[in-house]
Student: 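Sharing a structure here in C-alpha cells format.
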Amino acid sequence: MRCCCEDAARLLVWSVLMSSSKPVRTRFAPSPTGSLHIGGLRTALFNWLYARHSGGQFILRIEDTDQKRYDPDALRILMESLTWAGLDWDEGPDKDGPYGPYVQSERLALYQEWADWLVTNGHAYRSYETPAELEASRKAREAQGLPPGYDRGHRELTAAQIAAYEAEGRPTVVRLKMPLTGEMHLPDALRGTVTFDAGQLQDTVLLKSDGFPTYHLAHVIDDHFMEISYVMRAVEWLPSFPIHWQLWQSFGWEAPAYVHLPVMLNPNGKGKMSKRNPPRDAHGRLIPVLVHDYIAAGYLPEAVDNFLANIGWNFGGDREVFSMAEAIERFDLTRINEANSAFPPDKLDWLNGVYLREMPADELALKLRAPIEREGWTASDEELRQIAPLVQPRIKTLNDVVEMAGFFFREPFIPAGDEQFAAKGLTPAQAAALLDKARAALEAVPGWTHEALEAAMRELAEAEGLKVKDLFNPLRSAVTGQLVSPPLFESMAIIGRQASLARLAATSARLAGNEAS
RNA sequence: GGCCCCAUCGUCUAGAGGCCCAGGACAUGGCCCUUUCAAGGCUAAAACGCGGGUUCGAAUCCCGCUGGGGUCACCA
C-alpha cells in the first residue's frame, strides 16, 4: 500500500508543472554570433525534449539584436548543427508559423512600440547620457566606493529637461524603472523561489540608441507574443531574471515558467566551457567547444545527444544508453539536476564507441568514407565494407579509422622502421630472414583467405619453433607498417596477395639494406 | 568585492528521513580471453565538504562555515 503523502507529493509536482493550461511551447533563441556552442546544443536539446515529450511545439528564434556581433554565416551553421543533432523545429526563420517572423531584426517596430508603451505608462524612461558621461559617472561612483553601474541620473527628469535634451538632438536609450526598495521573489520551476534585494538592481537599458532592443526587452516581448510557455535557459541568466520579471509585471502579461538549467564546466571543473581558453581533458588533449568541431571529429549525433542528455538530466533506472525516442518518452523537469557539471570527455568517447559498435557494419562502412577521403585517399565501397567490421570495435570516433586503418590506403606504402622489430627483440637481419621465410610460405598458399593464411603461418611458426606471436607480430609490422592494427590475416586478405607480398618484400629489402650500410 | 546559484566516488550520476556501513556508468588497477590493439567477461579500489541543530533515526530537513560556479554592458 502506497502512503498518501507520496501521492500528495506527486500530485503537487504534477500540479506545478500543469499550472499553466497553455499548450507547451519551448524555444531555443541563440544569437547568430558564430558557431553553436556544445552547451547551447544541450540547452536546445532540453527544450526540444520537453516540447516533444509534451506534444507541444519547439521554436527556433534568432536573437540578432547586436549589430556589432552579427556573423552572416552563423545562421546557416546554427541550423546545420541543430539539424545534424536531429532537433527539428516547428517554427523558425526558415519555417514560418502563426507567430512570425522568427528573426528579431525583422521585428524592430514591435519592440519600439512596446518600449514607447512602457515610457508612456511610467514603467520606463528615456535617458540621454552620452557614453562618455556614463563612463565618468561610473568612475566617480567607483572613487566613492559605491557599487558600479548606472546612477539613475535621468530617471526623474523634468519635462523641461527632457525637452532640452530632445531639442539638442541627443541620442537616447530607454531604461527600465526597477523597484528602488523591497524584495523580489521570483519563481523558478526548478529551484523554487529566488529572492533578490530590489535596491541592488539596475535600471537596465531596454532599447539601445540604434533603435535595437536589448535581449531583456526583446525576449519578453517575443516570448509573450509567441506564446512561449516554458523558458529553459542557462543559469547565467539568473542574475538578470529580476529585470525580466519586472518587465512581465510592467506589461501586465502572464509570464511563462522559467527554468534555469545548470551549465557545463570545463573537464577540470574550473570555469564554464568557452571558445577562448579552450578546455583540455586529463591527458592535455584539446576538447572541442563547437558543435561543428564535434561533427568534424567524427562523433555521431545519436551519441552526442545521448551524452548531452545524461549531463544534468537522468533517464532513471540506471540506464544511460538510450535513444532520443526513449528520452522523449521519459523527459521531465523533475529529473533535472540543479548543479553545474564538469564536461566528461572520456564518457563521450565511450558512448560514441558504443553507438559505433551497435551500428550495422555496412552502415559504418558508409560513414568511413568521409574521414578517409579527407586524407586524400581513395577507397572502393567493397574495401570499406570489408574494413568496417575490422575497425568497428577498435575506434571511438569515425576519424580514428585514419590511424587504425590508414595502412590500407596510404600510397606509397611506408615500411616499418627497425624500431618496430627491435621492440619484438629482432635485429634487422633476423627480421629480414624471418620475413623472407614467411614470404616464401605465403607464396605457396593457394587461396588468399584469412583462414588459409593463418593456417600457413601457424604451420611455419611451429616448423621454426616459434611462438605464434613471435612470427605474427613482425609480420604485422611488415604488412601494415604498424605495431597496432586490426587482425592480421583479415587485413592481409583485404590488402590482397600481390600487394601483401610486395609489402613483405619491400620491408625485408629495407631491413637488409640498412644492415649492409 | 556585491548579489545570486550550487555541493554524493577523480568525473557523470542514483538517492523525495529508516530500503544506504550509499547503487550505476566512465576513467583507473587486477584477472580471463587473445596474433597486436581493441571489444567482451569477471573483479578491485574509490564519495555523502565541515560544524551545529531538528528527529527515536539524516546523504536526504534547517542554520552557519567552507568550497565551487555564475553575474555585475547601449552582448546575448
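All heavy atoms count here, side chains included; hydrogens, waters and symmetry mates do not. Quick caveat, the model's predicted, so the values are computed rather than measured. Numbers restart at 1 for each chain; the letters A, B, ... are given by sequence-line order, proteins then strands.
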Student: For A25(B), give its Watson-Crick or G-U wobble partner with both distances under 3.5 Å, or none.
Tutor: U11(B)
Student: Between G30(B) and G57(B), how far is it from one C1' atom to the other, in whole Å?
Tutor: 40 Å
Student: Taking C21(B) as the reference, what is the distance to C48(B) when you measure between their C1' atoms (whole Å, please)?
Tutor: 12 Å
Student: Which one is paired to G40(B), where only Watson-Crick or G-U wobble pairs with both distances under 3.5 angstrom count?
Tutor: C32(B)
Student: Hey, would you say the F331(A) and F46(A) ring centroids sit under 6.0 Å apart?
Tutor: yes
Student: Measuring from the side chain of K270(A) (C-beta onward, heavy atoms only), which nucleotide among U36(B), G68(B), A76(B) has the closest atom?
Tutor: G68(B)
Student: Please check the phosphate of A76(B) (OP1 and OP2 only) for any side-chain N or O of K68(A) closer than 4.0 Å.
Tutor: no
Student: Specify the separation, in whole Å, of atom CG of D281(A) and atom C1' of C12(B).
Tutor: 15 Å
Student: Less than 4.0 angstrom between a side-chain N/O of T195(A) and OP1 or OP2 of C4(B), yes or no?
Tutor: no
Student: In whole angstroms, how far is the C1' atom of C72(B) from the NE2 atom of H244(A)?
Tutor: 13 Å
Student: With ring centroids as reference points, do F241(A) and H260(A) lie under 6.0 angstrom apart?
Tutor: yes
Student: Who does G67(B) pair with, Watson-Crick or G-U, both distances under 3.5 Å?
Tutor: C6(B)
Student: Whole angstrom is fine here: how far is it from CG in N310(A) over to P in A25(B)?
Tutor: 13 Å
Student: May I ask you to decide if the ring planes of Y128(A) and Y165(A) are parallel, tilted or perpendicular, using 30° and 60° as cut-offs?
Tutor: parallel
Student: Under 4.0 Å between a Lys/Arg side-chain N and an Asp/Glu carboxylate O for R107(A) and D64(A)?
Tutor: no
Student: Separation of N314(A) atom CG from G23(B) atom P, in whole Å?
Tutor: 16 Å
Student: Looking only at N and O atoms, is any donor in the side chain of S209(A) or the base of C74(B) less than 3.5 Å from an acceptor on the other one?
Tutor: yes
Student: Just checking D197(A): base, sugar-phosphate only, or nothing, at a heavy-atom cut-off of under 4.0 Å?
Tutor: nothing
Student: Starting at CG of L351(A) and ending at C1' of G24(B), how long is that distance when rounded to a whole Å?
Tutor: 14 Å
Student: Which part of the nucleic acid does T214(A) contact within heavy-atom distance under 4.0 Å: base, sugar-phosphate only, or nothing?
Tutor: sugar-phosphate
Student: Using a cut-off of 4.0 Å on non-hydrogen atoms, how would the nucleic acid contact of I311(A) be classed: base, sugar-phosphate, or nothing?
Tutor: sugar-phosphate
Student: Determine the contact category for E320(A): base if any of its heavy atoms lies under 4.0 Å from a base atom, sugar-phosphate if only primed atoms, P, OP1 or OP2 are that close, otherwise nothing.
Tutor: base
Student: Between R335(A) and G15(B), does any side-chain N or O lie under 4.0 Å from OP1 or OP2?
Tutor: yes
Student: Within the structure shown, what part of the strands sits under 4.0 Å from K424(A) by heavy-atom distance: base, sugar-phosphate, or nothing?
Tutor: nothing
Student: OP1 or OP2 of A39(B) less than 4.0 angstrom from a side-chain nitrogen or oxygen of K396(A), does that happen here?
Tutor: yes
Student: Could you check whether F196(A) gets within reach of a base, just the sugar-phosphate, or nothing at all, counting any heavy atom under 4.0 Å?
Tutor: sugar-phosphate
Student: Kindly say whether, by distance alone, the side chain of R69(A) makes a donor-acceptor pair under 3.5 Å with the base of C75(B)?
Tutor: yes
Student: Using the C1' atom in both, what is the distance from C63(B) to A45(B), to the nearest Å?
Tutor: 36 Å
Student: Would you kindly compare A339(A) and D64(A) by the position of their nearest RNA chain B nucleotide and give the one closer to the 5′ end?
Tutor: A339(A)
Student: Students often get this wrong, so: under 4.0 angstrom with heavy atoms, is P267(A) touching a base, only sugar-phosphate, or nothing?
Tutor: nothing
Student: Taking any heavy-atom pair under 4.0 Å as a contact, classify R319(A): base, sugar-phosphate, or nothing.
Tutor: nothing
Student: How is K272(A) classified with respect to the nucleic acid when contacts are heavy atoms under 4.0 Å: base, sugar-phosphate, or nothing?
Tutor: sugar-phosphate
Student: For G312(A), answer base if it contacts any base atom (sugar-phosphate contacts may also be present), sugar-phosphate if it contacts only those atoms, and nothing otherwise; contact means non-hydrogen atoms under 4.0 Å.
Tutor: sugar-phosphate
Student: Among the candidates U35(B), U36(B), U71(B), find the nucleotide nearest to the side-chain atoms of S485(A).
Tutor: U36(B)
Student: At under 4.0 Å between heavy atoms, what does P487(A) touch on the DNA or RNA strands: base, sugar-phosphate, or nothing?
Tutor: base
Student: Within less than 4.0 Å of OP1 or OP2 of G40(B), is there a side-chain N or O belonging to R357(A)?
Tutor: yes
Student: Assess whether a salt bridge exists between R155(A) and D203(A), defined as any Lys/Arg side-chain N lying under 4.0 Å from an Asp/Glu carboxylate O.
Tutor: yes
Student: In whole angstrom, give me the gap between the C1' atoms of G70(B) and C74(B).
Tutor: 23 Å
Student: Between U11(B), A27(B), C37(B), which nucleotide gets closest to the side-chain atoms of D346(A)?
Tutor: A27(B)
Student: Specify the separation, in whole Å, of atom CG of L265(A) and atom P of C6(B).
Tutor: 15 Å
Student: Which heavy-atom pair separates D305(A) from L45(A) by the least distance, and what is that distance?
Tutor: O-CD2, 3.5 Å
Student: Check R458(A) with E454(A), please: is the shortest side-chain N to carboxylate O separation under 4.0 Å?
Tutor: yes
Student: Suppose you measure atom P in U54(B) against the same atom in A16(B); what distance do you get, rounded to whole Å?
Tutor: 24 Å
Student: Can you figure out which of U35(B), A27(B), G69(B) approaches the side chain of V263(A) most closely?
Tutor: G69(B)
Student: Could you give the distance separating A25(B) and C65(B) at their C1' atoms, to the nearest angstrom?
Tutor: 33 Å
Student: Give the rounded distance in Å between these two atoms: CZ of F322(A) and P of C12(B).
Tutor: 16 Å
Student: Are the side chain of E338(A) and the backbone N or O of R191(A) linked by a donor-acceptor pair below 3.5 Å?
Tutor: no
Student: State which of G69(B), A76(B), U35(B) makes the closest approach to the side chain of K469(A).
Tutor: U35(B)
Student: If we take the C1' atom in both G67(B) and U28(B), what is their distance in whole Å?
Tutor: 26 Å
Student: When we call it a touch if two heavy atoms are under 4.0 Å apart, what does G317(A) touch: a base, just sugar-phosphate, or nothing?
Tutor: nothing
Student: R191(A) side chain: which of C4(B), C6(B), C12(B) is closest?
Tutor: C6(B)
Student: Say you pick atom P in A46(B) and the same atom in G23(B); how far apart are they, in whole Å?
Tutor: 12 Å
Student: So what does T65(A) hit on the nucleic acid, given a heavy-atom distance under 4.0 Å: a base, only sugar-phosphate, or nothing?
Tutor: sugar-phosphate
Student: A76(B), OP1 or OP2 - any side-chain N/O from K208(A) closer than 4.0 Å?
Tutor: yes
Student: If you only use heavy atoms from C-beta on, which nucleotide in U11(B), A27(B), U35(B) is closest to the side chain of A342(A)?
Tutor: U11(B)
Student: Round to a whole Å and report the spacing from CZ of R394(A) to P of U35(B).
Tutor: 13 Å
Student: Regarding V194(A), tell me which of base, sugar-phosphate or nothing describes its non-hydrogen contacts under 4.0 Å with the strands shown.
Tutor: sugar-phosphate
Student: Under 3.5 Å for both donor-acceptor distances, Watson-Crick or wobble: does G1(B) have a partner, and if so which one?
Tutor: C72(B)
Student: Report yes if at least one side-chain N or O of T33(A) is closer than 4.0 Å to OP1 or OP2 of C75(B); otherwise report no.
Tutor: no
Student: What distance do K396(A) atom NZ and Y355(A) atom OH have between them, rounded to the nearest 0.5 Å?
Tutor: 15.0 Å
Student: Taking 4.0 angstrom as the limit, do D222(A) and R27(A) come out as a salt bridge?
Tutor: no
